Each structure stands twice: as structure tokens, then as C-alpha cells.
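What follows is a set of notes on a single structure, which appears directly below.
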Amino acid sequence: MNTFKVVITDNNYDTIAPEIELLESIGAEVVSAQCKTEKEVIQAAKDADGIISQYAPISRKVIEQLTNCKVVSRYGIGYDVIDVDAATEKGILVCNVTDYCIEEVSDHAFALLMASARKITEQDKAVRRGVWDYKVTAPIYRLSNQVLGLVGFGNIPQLLAKKAQAFGLRVIAHDPFIPVHTAEQLDVELVDLSTLCERSDFISVHAPLNEQTKGMIGKEQFKQMKEQAFLINTSRGPVVDEQALIEALSDNAITGAALDVLETEPIDFNDPLLSLENVILSAHIAWNSMEAELELKSKAAQNVADVLTGYYPTYLVNKEIKGTVF
């Protein structure tokens, strides 16, 4: 007889075998669903002891209907789909996985930076049209001694800073929660957002999505940027005001953008970004590698297993709940 019920509300992976193997080892029954709405989550997980979610809404409405739940673990670093306050009020531990794709996202951000700097996709399109001319993508500037501005300076942008510095880029960052000495140890200057926008040739966004960061890169910030600046976003789409970005790109207020995340995903076929030549797009894949996916799945499941067997998980979001549950 199973001791626990764990519901995976949704996922887009080919297999959940690692989660099942780990959770069955503690006597859990694993139920897999593909929920998209609050109603579907409630139907699937109302009596669950633990939940693993990807994109399904774990809202206050959902949380209020949960009768047995002790833990919600998210596949990912961000947890904006979970109402953490509501979970905390109900004594539910909220978990994420903060370290599974640091290498991958920093690599992807730097790949987008390099593709932007060297205008690779524009050259590729020109060659395929039969145009063999370096002037098609002029001007291109030498990478060394240009400035990379990092919006957010957590684990991923700190690693990105090291990779960028190896190519001669000077790095500045904006993050009100990072101590100056942390940045100084990495030879990175902490600045305010306006200064970052004014000085940077490349701006890479790494801020989490919350009420304070939604739309933080908007019209005012684009006005402050250099005309030759590129915007790179591998964090969350809504951190950037997409309409303001489209206007800046259309008016050549900045040179280009490289986006792995968008306000609406998947992208709408009629999205103006698709018609802009100075935009590079990828389908929210910065996190992805075979190793990162296995690590994510295993750690998300381990969070649940830890809580259900009486331990606090390694990746606890609502830390203020610690000491009040067990």
C-alpha cells in the first residue's frame, strides 16, 4: 500500500521515469497529469501529499482546495506560477531547483551575445539569399573593451561575467541584493539601472520575475541605451516590456535583441518580433542539456521526497516556514 500520493501536474519531458523511481522508493504513488487550468490542478491534486509542477497554476485558489499537501516543488529556478504567500499561510513548503542549469543558461546568453555582436544570423540569411558582402551587416565592432551590463547578478550572471571577461569584455551589473564585495571579487562594478543602460553595449537580463521586476526594462530604459546596444534576455519574458522593445527595435533606437524568453510563450504567429530582422529568437531553451534535464527532474523529486520523509529540502523558497512544520 502506498504511503503518499504525489501529483506531477504537468511537464513537457519525454519521460518521468527518474521521478517515479525516486518517489516510489519512499512509498509514494506518482500520478501524472497535464493540467493547464486551476480547475484541472484542483481535480488532479486536491488530495495529494506532494506536488511537482512546471507551468500549471498553483494559485491561492488552488492552494485553498488542497487537503493534504505538504510540499510543492517546481521544475525550474523561477516560481512565479506558485502563490508562495498562500502556500506559506497554509504551512506548505515551496521548493525550486536553483542550480541545475547555471552552465547552460550562461552559455546560451553568451552565445546570443556573440551571435549579436558578429551578426551571425543576418549574415546567414544574406548568404542564403545569394548576397556575399560583408557590408550587409556593417557596422561590426571589436568585442574586446566593450561593456556587458548584467541586470541581476546571481549565480548565472556571475558565471556569465567570467566567460565574458575571458573575451575582453568589461562587465558591470545592477542588483540591489548583491554585496559590493561579491562583485568586486569578480572584477564587476555594481551600478544603478540607469547607469547600466547608458554605459552598456550589451545588456543581458537575469532578473527573476516578480511584482518589482515586471516591465523593469521599458521605454525609459530603452531611451537611455546606446544606439549600438543589444538586449539579451534569458530570464523571464515579462521582465522586459515587449511593446517598448518592439518600438525601440523598429525605430533603431537600439541595434538588436536576442531573446530566449517572451511575454507570451509559445510566440504568436502574428507577433511583430517575427518580422524584425534585428532579432534573434530561441524557444526558451537556454536551460536545456541532457545533463541539466536529468538533474532538474531528480532534484525536483528529491525536494518532495525529503519533505514527505520528514526533512527540510535543500531548495526551500519560503525559508520563513522552517521550524514550524516538523
Side-chain angles (χ1 to χ4, degrees), residues 1-38 40-58 62-63 65-82 84 87 90-105 107-108 155-156 283-319 321-322 325-326:
M1 181 176 177
N2 294 312
T3 306
F4 308 109
K5 176 180 178 180
V6 176
V7 173
I8 299 177
T9 61
D10 62 308
N11 76 93
N12 57 7
Y13 307 119
D14 292 333
T15 177
I16 56 170
E19 296 94 314
I20 292 173
E21 181 179 359
L22 193 155
L23 290 165
E24 285 186 345
S25 72
I26 65 161
E29 172 197 7
V30 179
V31 177
S32 179
Q34 289 297 348
C35 305
K36 296 184 183 299
T37 66
E38 293 173 318
E40 289 172 342
V41 175
I42 293 168
Q43 289 176 338
K46 182 179 178 65
D47 61 344
D49 298 286
I51 293 173
I52 301 176
S53 70
Q54 189 172 26
Y55 300 116
I58 312 297
V62 169
I63 289 167
Q65 295 297 312
L66 301 177
T67 58
N68 298 324
C69 190
K70 301 173 183 64
V71 56
V72 176
S73 181
R74 184 171 185 274
Y75 288 121
I77 298 174
Y79 46 86
D80 45 282
V81 296
I82 304 171
V84 178
K90 198 161 184 179
I92 297 172
L93 283 74
V94 176
C95 313
N96 59 349
V97 183
T98 60
D99 57 1
Y100 78 100
C101 62
I102 295 172
E103 286 282 357
E104 287 79 5
V105 178
D107 283 348
H108 198 81
N155 292 331
I156 290 169
H284 203 147
I285 63 163
W287 64 274
N288 187 41
S289 73
M290 297 297 290
E291 297 86 350
E293 181 175 321
L294 178 58
E295 187 176 356
L296 171 63
K297 292 154 68 66
S298 299
K299 288 182 174 180
Q302 188 64 54
N303 283 332
V304 174
D306 285 345
V307 175
L308 296 185
T309 53
Y311 298 94
Y312 285 103
T314 301
Y315 305 97
L316 180 60
V317 172
N318 49 347
K319 293 181 174 61
I321 206 172
K322 203 166 186 179
V325 177
F326 300 129

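The structure presented is a predicted model; accordingly, all values stated were derived computationally and were not measured.
Taking the side chain to side chain contact (heavy atoms under 4.5 Å, CB included) definition, one finds that N12 meets it with Q54, Y55, sequence neighbours left out. Among residues two or more places apart in sequence or in another chain, the side chain to side chain contact (heavy atoms under 4.5 Å, CB included) test is passed with A305 by L22, L23, I26, Q302. By the salt bridge (Lys or Arg N to Asp or Glu O under 4.0 Å) test, E291 pairs with no residue at all, sequence neighbours left out. Under the rule for a side chain to side chain donor-acceptor pair (under 3.5 Å), Q43 has no partner lying at least two apart in sequence or in another chain. Every residue was checked against the side chain to side chain donor-acceptor pair (under 3.5 Å) condition with D10, not counting sequence neighbours, and none meets it. Partners of D306 according to the salt bridge (Lys or Arg N to Asp or Glu O under 4.0 Å) rule, which considers only residues two or more places apart in sequence or in another chain, do not exist here. Under the rule for a side chain to side chain contact (heavy atoms under 4.5 Å, CB included), the partners of A286 that lie at least two apart in sequence or sit in another chain are V105, H108, T234, D260. Scored by the ring pair (Phe, Tyr, Trp, His ring centres under 6.0 Å) test, Y100 finds no partners at all (sequence neighbours excluded). Residues satisfying the side chain to side chain contact (heavy atoms under 4.5 Å, CB included) criterion with E29, sequence neighbours excluded, are N2, K5, V31. Every residue meeting the side chain to side chain donor-acceptor pair (under 3.5 Å) condition with N318, not counting sequence neighbours, appears here in chain and number order: T88. With sequence neighbours excluded, no residue forms a side chain to side chain donor-acceptor pair (under 3.5 Å) with Y79.
In this structure, the side chain of S73 does not engage the main chain of A301 through any donor-acceptor pair within 3.5 Å. In this structure a side-chain-to-backbone donor-acceptor pair under 3.5 Å is missing from E21 to A17. A distance-only check finds no donor-acceptor pair linking the side chain of K322 to the backbone of L316 [under 3.5 Å].
In this structure, the side chains of I77 and C101 come closer than 4.5 Å at one or more pairs of heavy atoms. A 4.5 Å side-chain heavy-atom check between V97 and N303 finds at least one atom pair inside the cut-off. Within the 4.5 Å cutoff, the side chain of L93 has heavy atoms near those of the P313 side chain.
In this structure, D47 CG and I42 CD1 are separated by 12.5 Å, a value rounded to the nearest 0.5 Å. The OG atom of S32 lies 5.5 Å from the CG atom of N11; values are rounded to the nearest 0.5 Å. To the nearest 0.5 Å, atom CD1 of residue I92 and atom CG of residue N68 are 10.0 Å apart.
Within the structure, salt bridge (charged side-chain N to carboxylate O under 4.0 Å, His left out) contacts touching residues 295-304 (residues at least two apart or in different chains) are E19-K297, D99-K299, E295-K299.
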